[in-house]
Amino acid sequence: MKHCFFTLKIIFISTILSAQINGIVVDKNTAKPIEYANIWVENQDIGTTSEQNGKFFFEQNILNQKLIITAIGYEECQMLTESSNIKIELNPKAYEIKEVIVRPRKKQELTIDYFKKSSLRNTLVCSGTPWIVAKYFEYKPIYEKTPILKKIEILTISECNSATFNLRLFNANTKGEPTCDILNKNIIVTAKKGKNKTSIDLSDYNISIPKEGFFVSFEWLIIDSNKIQKKNSVLYYPKFGLLVHKDVANNWIYVNGYWKKIDLSIPEDNSKVMDLAIELTLTD
């Protein structure tokens, strides 16, 4: 009986290992690994992130499933998982380089959606899928005097000493949905342990606020350094803070390879909603 049990155990372990999918994401032209690519199983709440060496893995058996792969600076790719070891090649995306207008700086500043850490109402947390959450900022005529995005501050909560996430800025299409990235590079941000107002300096990028408005978004990275094992679950940090907002909020989430609007209304008070805690500083 002992011998039978041991044999079955070996078969069980082998089955688990064969179900795992390992892979690497690389640049099609240079063959260099692509870090922090967002990899989803189509129409399922299953996804992961490529590490700094471009490698990734799925614990689930996703053979013969379609993957949707996106990464900043590259065209979206879709492919079937036909083996347990796959190589994903992404084509670089051509970006239009906008004309940079140099103006004398008067150092005027404008703060949008200022918040305090003590205003925290709730949080958004990730349990292992590379969601992207986004908040829409409408363009207003008052921004004409300070049209440059200088700084973004967000409310983060982390149990890791240094949790990292990807800051992404998206243009809005004619339907008001997130579309292409404004920048063609990752902005990897570190959130310190605890509850913090995490600041991101964007002054070197000279980003003008688009007339169509734009989205500030945060992409969770499904990597070991962000992982905390709980008693009955696994969480990936940081958490992102939510505040009570009296007006109509405009928050979105990228899930299963698609963008969709999310409702963060407060059940006990329909006149108020929760909104991502994001503060902007504009300058001239």
Side-chain angles (χ1 to χ4, degrees), residues 38 70 72 110-126 129-140 142-143 146-158 163-183 186-189 191 195-202 205 207-221 236-256 258-266 271-283:
N38 192 306
T70 60
I72 293 180
L110 175 67
T111 299
I112 302 169
D113 287 1
Y114 170 80
F115 69 86
K116 296 180 179 179
K117 289 192 298 182
S118 58
S119 302
L120 176 69
R121 174 63 183 265
N122 211 328
T123 60
L124 292 178
V125 64
C126 177
T129 46
W131 293 317
I132 307 174
V133 290
K135 175 179 176 178
Y136 176 72
F137 285 88
E138 179 185 5
Y139 180 86
K140 297 179 180 179
I142 193 175
Y143 302 161
T146 53
I148 306 300
L149 181 58
K150 178 182 179 181
K151 183 173 63 175
I152 294 176
E153 292 191 278
I154 60 176
L155 185 52
T156 60
I157 300 92
S158 179
T164 55
F165 63 94
N166 197 5
L167 170 71
R168 297 178 68 172
L169 306 175
F170 290 96
N171 286 299
N173 63 19
T174 55
K175 297 180 181 179
E177 303 165 336
T179 177
C180 58
D181 287 283
I182 291 176
L183 295 175
N186 294 308
I187 300 178
I188 304 303
V189 183
K195 181 170 70 172
N196 294 286
K197 201 169 181 179
T198 299
S199 181
I200 306 131
D201 184 2
L202 299 173
Y205 296 100
I207 302 168
S208 295
I209 304 299
K211 292 296 196 309
E212 301 78 20
F214 74 113
F215 290 86
V216 176
S217 68
F218 315 121
E219 180 176 23
W220 275 285
L221 302 178
Y236 288 82
Y237 284 85
K239 296 179 180 179
F240 297 109
L242 297 171
L243 311 176
V244 173
H245 197 284
K246 294 182 179 180
D247 299 323
V248 177
N250 197 338
N251 296 296
W252 293 69
I253 187 168
Y254 182 82
V255 60
N256 300 334
Y258 305 96
W259 283 104
K260 63 180 182 180
K261 204 168 184 179
I262 51 176
D263 180 14
L264 297 174
S265 59
I266 302 174
S271 65
K272 297 179 182 178
V273 296
M274 287 185 291
D275 197 17
L276 279 166
I278 303 176
E279 178 183 316
L280 306 183
T281 300
L282 307 184
T283 187

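No hydrogens, no waters, no symmetry mates; every other heavy atom, side chains included, goes into these values.
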Study note, to complete from the structure: Those residues at least two apart in sequence (or on a different chain) that pass ring-ring contact (aromatic ring centres under 6.0 Å, His included) with Tyr139 are Tyr143

Check your understanding: Just by modelled atom types, is the Ile187 backbone N or O under 3.5 Å from a matching donor or acceptor in the Asn166 side chain?
Key -> yes

Check your understanding: Side chains of Asn251 and Val273: does their closest heavy-atom pair fall under 4.5 Å?
Key -> no

Exercise for review: Give, for atom CD1 of Ile253 and atom CG of Leu264, the distance between the pair rounded to the nearest 0.5 Å.
Suggested key: 9.0 Å

**Study point:** Side chain proximity check, Arg168 to Ile72, heavy atoms < 4.5 angstrom
**Key:** yes

Check your understanding: Among Leu155, Ile154, Leu124, which one satisfies side chain to side chain contact (heavy atoms under 4.5 Å, CB included) with Leu276?
Key -> Leu124

Review point. How long is the gap from NZ on Lys117 to OG1 on Thr198, to the nearest 0.5 Å?
Key: 9.5 Å

Check your understanding: Looking only at heavy atoms, which two atoms of Ile148 and Ser208 are closest? And how far apart?
Key -> CD1-OG, 3.5 Å

Practice item. Please check if the side chain of Asn186 supplies one atom and the backbone of Ile188 the other of a donor-acceptor pair under 3.5 Å. Key: no

Study note, to complete from the structure: Closest non-hydrogen contact found for Tyr237 with Ser158 is CD2-CA, 3.6 Å

Exercise for review: Report yes if the side chains of Val216 and Leu167 come closer than 4.5 Å at any heavy-atom pair, otherwise no.
Suggested key: yes

Review point. Could you give the distance from CE (Met274) to OG1 (Thr123), rounded to the nearest 0.5 Å?
Key: 9.5 Å

**Study point:** Over all atoms of both residues, closest heavy-atom pair of Ser199 and Lys151
**Key:** OG-CD, 3.2 Å

Review point. Are Leu169 and Leu149 close enough that some pair of their side-chain heavy atoms sits under 4.5 Å apart?
Key: yes

Practice item. Work out which heavy atom in Pro130 is nearest to a heavy atom in Asn38; give both atom names and the distance. Key: O-ND2, 2.9 Å

Practice item. Report the distance from atom CG of Asp275 to atom CG of Leu242, rounding to the nearest 0.5 Å. Key: 8.0 Å

Review point. Are any non-hydrogen side-chain atoms of Phe214 and Ile209 less than 4.5 angstrom apart?
Key: yes

Point to revise | Distance (rounded to the nearest 0.5 Å) between Thr70 OG1 and Glu219 CD | key: 6.5 Å

Check your understanding: Does a sphere of radius 6.0 Å around NZ in Lys195 hold more than 12 heavy atoms from other residues, nucleotides or ligands, not counting ones at 6.0 Å or beyond?
Key -> yes

Exercise for review: Return the minimal non-hydrogen interatomic distance between Asn122 and Leu120, and the atom names on each side.
Suggested key: O-CD1, 3.1 Å

Practice item. Report yes if the side chains of Leu280 and Asp113 come closer than 4.5 Å at any heavy-atom pair, otherwise no. Key: no

Check your understanding: Would you call the rings of Trp252 and Phe215 parallel, tilted or perpendicular if under 30° counts as parallel and over 60° as perpendicular?
Key -> perpendicular

Point to revise | Nearest heavy atoms of Trp131 and Val125, plus distance in Å | key: CZ3-O, 3.4 Å

Practice item. Spell out, as yes or no, whether a donor-acceptor pair under 3.5 Å connects the side chain of Lys197 to the backbone of Phe115. Key: yes

Check your understanding: How long is the gap from CD1 on Ile152 to CZ on Phe218, to the nearest 0.5 Å?
Key -> 7.0 Å

Review point. Less than 4.5 Å apart, any side-chain heavy atom of Ile182 and any of Asn171?
Key: yes

Check your understanding: Any side-chain heavy-atom pair from Thr156 and Phe240 closer than 4.5 angstrom?
Key -> yes

